[in-house]
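Owing to the predicted nature of the structure, the values given are computational and were not obtained by experimental measurement.
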Amino acid sequence: MTTVLDYQLNGTILENITEHLETKGWKRRIRSMEDLKQFFGRYPDDKKGNRAAAVELWGYRYSKRMWQLRRLVELLEKSRVTDLPSLREWAHKSC
């Protein structure tokens, strides 16, 4: 999630998002890409659905960032990146 949030956002917004994730329990409930995909399944992949998902997950109406997160998960799955070691390997090979 940080990949799609931590650019062009000020520190206060990122702190608010972190607090929202903790308060709503998302840090405990979304621990894997499978958990994230299940979350995605609750919302349509359109502007309105992505906005609703963003508000639920982050507390902000960042529909474009939610769209980007969905695409990132798709890319990582196609690249067979499923955990931290495979992410590191994928990143190393892409350099």
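- Heavy atoms of other residues, nucleotides or ligands lying less than 6.0 angstrom from CZ of R42 number more than 12.
- Minimum interatomic distance between V55 and H20 (heavy atoms only, all atoms of both residues): O-NE2, 3.6 Å.
- Contacts of T18 classified as side chain to side chain donor-acceptor pair (under 3.5 Å), with partners at least two apart in sequence or in another chain: none.
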Side chain to side chain contact (heavy atoms under 4.5 Å, CB included) between R71 and D45, intermediate numbers included: CA-CA 10 Å; R71 302 296 81 79; D45 190 7; 2.5 Å; yes
Check against side chain to side chain contact (heavy atoms under 4.5 Å, CB included), K64 and K47: CA-CA 8 Å; K64 184 176 180 181; K47 187 172 184 171; over 6 Å; no
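- Among all heavy-atom pairs drawn from P44 and R70, the shortest one is O-NH2, 3.4 Å.
- Shortest non-hydrogen contact noted between R61 and A54 is C-CB, 4.3 Å.
- With salt bridges taken as basic N to acidic carboxylate O contacts below 4.0 Å, none links R28 and D35.
- Remark: E19 CD is loosely packed, at most 12 non-hydrogen atoms of other residues, nucleotides or ligands lying under 6.0 Å away.
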Test side chain to side chain contact (heavy atoms under 4.5 Å, CB included) applied to D83 and S86, step by step: CA-CA 5 Å; D83 55 19; S86 60; 2.7 Å; yes
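- Residues meeting the side chain to side chain donor-acceptor pair (under 3.5 Å) test with E56, sequence neighbours left out: none.
- With sequence neighbours left out, Y60 forms a ring pair (Phe, Tyr, Trp, His ring centres under 6.0 Å) with Y62.
- Considering only heavy atoms from C-beta on, L69 comes within 4.5 Å of L36 through its side chain.
- Here ring-ring contact (aromatic ring centres under 6.0 Å, His included) pairs that include residues 66-95, with residues two or more places apart or in two chains, number zero.
- Applying the salt bridge (charged side-chain N to carboxylate O under 4.0 Å, His left out) criterion to R29, with sequence neighbours excluded, gives no partner residue.
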Side chain to side chain donor-acceptor pair (under 3.5 Å) between N50 and R65, intermediate numbers included: CA-CA 8 Å; N50 284 329; R65 305 283 174 117; over 6 Å; no
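- Under the rule for a ring pair (Phe, Tyr, Trp, His ring centres under 6.0 Å), the partners of W26 that lie at least two apart in sequence or sit in another chain are F39.
- To the nearest 0.5 Å, atoms CE (M66) and CG (D46) are separated by 12.5 Å.
- Residues L75 and V81 fail the side-chain proximity criterion, which asks for heavy atoms closer than 4.5 Å.
- Salt bridge status for K93 with E89: present, with a side-chain N to carboxylate O gap under 4.0 Å.
- With W58 as the partner, the side chain to side chain contact (heavy atoms under 4.5 Å, CB included) test is satisfied by one option alone out of L14, I17, N16: I17.
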